Amino acid sequence: MNPAHLTIKEAAENIAERKISVTELVSSCLKEIEKHNTDLNAYLNIFDDSLEEAKKKDEELSGYPKKDSPQIPSLFGIPIAVKDNILVKDKICTAGSKILENFVAPYDATVISKLKKHGAILIGKTNLDEFAMGSSTENSAFGPTKNPHDSSRVAGGSSGGSAAAVAANMCLGALGSDTGGSIRQPASFCGTVGFKPTYGTVSRHGLIAMASSLDQIGPLTKTVDDAEIIYKAISGGDDFDSTSVKNLPLPSKKERKDLVFGIPKEYFSEGLDPEVEKKIRKTIEKMKDAGVAFKEISLPSFEYALAAYYVIVPAEISANLARYDGIRYGFSHQEAKNLLEVYNKSRHAGFGDEVKRRIMLGTYTLSAGYYDAYYIKAQKVRRVIKEGFARAFEEIDLLLGPTTSTTAFQLGENTKDPLKMYLADIYTVAVNLAGLPAISIPAGKIGNLPVGLQLIGKWFEEENIFEAAKFIEKLITSR
Amino acid sequence: MISKKDVEHIAKLARLEIGEKEKTKFEKELSEILDFIEKLNEVDTTGILPVTGGVELANILRPDEEVTQELEDKAEELLGGAPETKENWIKVRAIFS
């Protein structure tokens with residue numbers, strides 16, 4: 001048995017029973033990194049102190065009773081990878097950008113303190129599209145991440161490094177961030193589970209902001225159980241994030257057999273690869289055979305989600321990224337003669353193409369005379385989309401559809417046409433606009449390329465998502 | 001549609017130096033994206049209030065009392081990221097040249 005191939009749940013059991021040591025577990029992941037990372041480029045930085053941390057954990061373990069081990073924290077000794085837009089104290093945090101190439105994080109993000117508190121071993125930082133802007137990880141200033149199932153293809157994005165690291169057993173689980181699909185889409189492309197929690201359930205303090213009204217941190221894992229373990233460890237209110245919800249509404253957990261699933265017809269319309277559709281339909285049939293209730297649903301204005309997204313996101317980006325000015329931290333151009341030139345030249349040399357494009361677009365739509373026509377209009381359409389989901393959820397508990405319209409595309413296939421790249425998120429962005437929780441789970445393969453199935457739940461009803469996703473996961477893997 | 005002059009104006013507002021080649025590129029790309037966004041006008045939004053954030057929470061304030069924060073007494077550490085500092089101040093270039 002290679003410990004790196006274990007799930008978090010299995011590894012935790014093995015550690016509690018002293019069948020494997022934390023050192024063995026961490027070393028086996030480091031071995032996989034050594035084997036695959038040069039080719040895949042999933043990690044930007046591998047923490048050289050992870051083995052030392054593992055040894056400490058092994059010593060700590062002797063303090064826990066051997067038989068009953070409920071006091072052992074849920075992620076004790078589990079090697080976790082972190083997307084490189086989440087701050088880990090004293091470690092470089094690049095956000096995939098030249099402008100932060102040498103930036104050392106002065107504090108831990110709240111999710112990182114929580115992972116540490118739960119005993120996790122942080123093993124390294126993973127690649128991403130620059131500032132999480134992209135759908136393929138090709139926008140990283142440090143080269144693209146490749147898909148472990150076919151290295152001529154993309155891993156998806158923007159959390160492509162985290163997805164590839166999990167898929168190639170280079171860690172047991174990873175953190176990503178999802179603004180328009182950046183956890184679910186790469187999870188789908190790499191054949192892992194990817195979970196985007198309800199907006200407000202996980203603190204973003206210490207996450208490098210892209211579009212603040214949409215950004216959410218979540219886990220990428222091998223199984224739904226594992227995603228739930230990480231989610232439970234990182235969620236909860238936080239004084240450092242004013243959007244984090246302190247007193248969560250009591251979860252209305254339903255029995256699996258009482259859950260009603262909605263099939264949104266907009267998720268099965270033009271543009272969906274027929275082979276992907278076949279896989280999803282097959283799972284639906286299996287579920288029907290198992291007695292699951294389905295309803296056809298329509299989401300009004302769903303087709304406008306992507307357009308609204310590409311107004312709101314660049315607008316928030318243009319404001320959020322104003323902080324990279326070459327003054328307080330990050331890259332600063334040495335040939336600048338005055339303050340204005342420091343700004344202009346540092347930003348010119350520090351930012352990549354997609355970042356510049358979005359800053360420009362956001363600056364335009366927020367500029368005098370255009371604010372109402374673009375930004376306010378988009379925020380109104382966002383309300384229409386959100387209410388569309390709310391109405392659907394009066395009839396059903398969960399929405400089911402594909403995560404992406406295709407399997408992983410070729411490296412370079414969409415890089416010439418920004419709009420074509422944006423379309424990779426067609427099934428995921430609406431979820432962020434509405435602030436809903438959603439998960440992507442593997443639903444088989446076409447050739448050697450994974451297909452992802454997406455479940456979307458009601459606000460704060462993550463319990464129902466986990467319940468349903470575990471059931472579907474079991475159905476899919478059983479022959 | 002966006003003109004080259006618009007591109008230059010936006011770049012100035014965004015404090016972003018861009019080269020001649022980039023100007024032509026952005027003129028084309030931004031126009032295409034804005035064309036795509038025009039689609040939003042097909043949605044009737046009469047009487048709809050715009051969304052203002054990710055949650056419906058408002059005015060989240062902590063009690064006005066002293067707290068021991070993680071970042072207290074960390075000025076030096078925080079300033080460590082700045083390209084040039086002097087006596088716990090960030091050094092900047094001349095504003096007028």
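Being a predicted model, the structure only gives us computed values, none of them experimental. Below, chain A is the first sequence line, B the second, and so on; all start at residue 1.
Comparing B/Gly81, B/Pro50, B/Ala82, B/Pro83 by heavy-atom pairs within less than 4.5 Å of chain A, the highest count is held by B/Pro50. The most heavy-atom pairs under 4.5 Å with chain B, out of A/Asp353, A/Asp417, A/Val104, A/Ile376, come from A/Asp353. For the options B/Glu38, B/Lys25, B/Glu32, heavy-atom pairs under 4.5 Å to chain A are most numerous at B/Lys25. Comparing B/Asp6, B/Leu30, B/Ile10 by heavy-atom pairs within less than 4.5 Å of chain A, the highest count is held by B/Ile10. Your options are A/Gly435, A/Ala308, A/Gly330, and the one with the most heavy-atom pairs under 4.5 Å with chain B is A/Ala308. Taking chain B as the reference chain and counting heavy-atom pairs below 4.5 Å, the highest number among A/Arg357, A/Lys345, A/Lys246 is found for A/Arg357. When each of B/Asp44, B/Leu34, B/Val7 is checked for heavy-atom pairs under 4.5 Å with chain A, B/Leu34 comes out on top. For chain A, the option among B/Ile48, B/Leu40, B/Val43 with the highest count of heavy-atom pairs below 4.5 Å is B/Leu40. The choice from B/Arg93, B/His9, B/Glu77 that makes the most heavy-atom pairs within less than 4.5 Å of chain A is B/Arg93.
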Using the side chain to side chain contact (heavy atoms under 4.5 Å, CB included) rule, take A/Arg347 and B/Arg15 through it: C-alpha gap first, then chi angles, then the decisive distance, then the call. CA-CA 8 Å; A/Arg347 289 161 69 79; B/Arg15 297 289 184 266; 4.1 Å; yes
Please walk me through it: do A/Tyr310 and B/Phe36 pass ring-ring contact (aromatic ring centres under 6.0 Å, His included)? CA-CA 9 Å; A/Tyr310 276 101; B/Phe36 173 71; 7.5 Å; no
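With a 4.5 Å cut-off on non-hydrogen atoms, A/Gln334 touches chain B through its backbone and its side chain both. Contact annotation for B/Ile90: only side-chain heavy atoms (C-beta onward) come within less than 4.5 Å of a heavy atom of chain A. No part of B/Glu84 comes within reach of chain A, as not one of its non-hydrogen atoms sits under 4.5 angstrom from that chain. Heavy-atom distances place no part of A/Ala349 under 4.5 Å from chain B, backbone and side chain included. With a 4.5 Å cut-off on non-hydrogen atoms, A/Leu419 touches chain B through its side chain but not through its backbone. Contact annotation for A/Leu340: only side-chain heavy atoms (C-beta onward) come within less than 4.5 Å of a heavy atom of chain B. Of the two parts of A/Tyr422, only the side chain, counted from C-beta on, holds a non-hydrogen atom closer than 4.5 Å to a non-hydrogen atom of chain B. Contacts between A/Thr243 and chain B at a heavy-atom distance below 4.5 Å involve backbone atoms as well as side-chain atoms. The contact between A/Lys356 and chain B is made by backbone and side chain atoms together, counting heavy-atom distances below 4.5 Å. Heavy atoms of A/Ser244 lying under 4.5 Å from chain B belong exclusively to its backbone.
Contacts of residues 315-324 of chain A with chain B at a heavy-atom distance below 4.5 Å are absent; not one residue qualifies.
We find the CZ-CG distance between A/Arg328 and B/Leu78 to be 11.5 Å, quoted to the nearest 0.5 Å. The distance from atom CZ of A/Phe103 to atom CD1 of A/Ile92, rounded to the nearest 0.5 Å, is 10.5 Å.
A/His205 has its ring centre less than 6.0 Å from the ring centre of A/Tyr107.
Paired with A/Ile312 under the rule side chain to side chain contact (heavy atoms under 4.5 Å, CB included), one option of A/Val381, A/Thr365, A/Leu433 passes, and it is A/Leu433. Test A/Lys380, A/Arg382, A/Lys377 against B/Thr45 for side chain to side chain donor-acceptor pair (under 3.5 Å) and you get one pass: A/Lys377.
Looking at A/Arg204 and A/Gln216, their side chains come closer than 4.5 Å, going by heavy atoms from C-beta outward. Side-chain contact between A/Asn432 and A/Asp178 is present, with heavy atoms from C-beta onward closer than 4.5 Å.
When all heavy atoms of A/His348 and B/Glu22 are compared, the pair lying nearest together is CE1-OE1, 3.5 Å. Closest approach of A/Ile99 to A/Ser346, counting heavy atoms only: CD1-O, 3.9 Å. Heavy-atom minimum distance, A/Tyr199 versus A/Ser212: OH-O, 2.6 Å. In terms of heavy-atom proximity, A/Ser97 sits nearest to A/Phe351 at OG-CD2, 4.4 Å.
Taking the ring axis of A/Phe331 as reference, the NZ or CZ atom of A/Lys98 does not stay both within 45° of it and closer than 6.0 Å to the ring centre.
No donor-acceptor pair closer than 3.5 Å links the side chain of A/Ser182 to the backbone N or O of A/Thr179.
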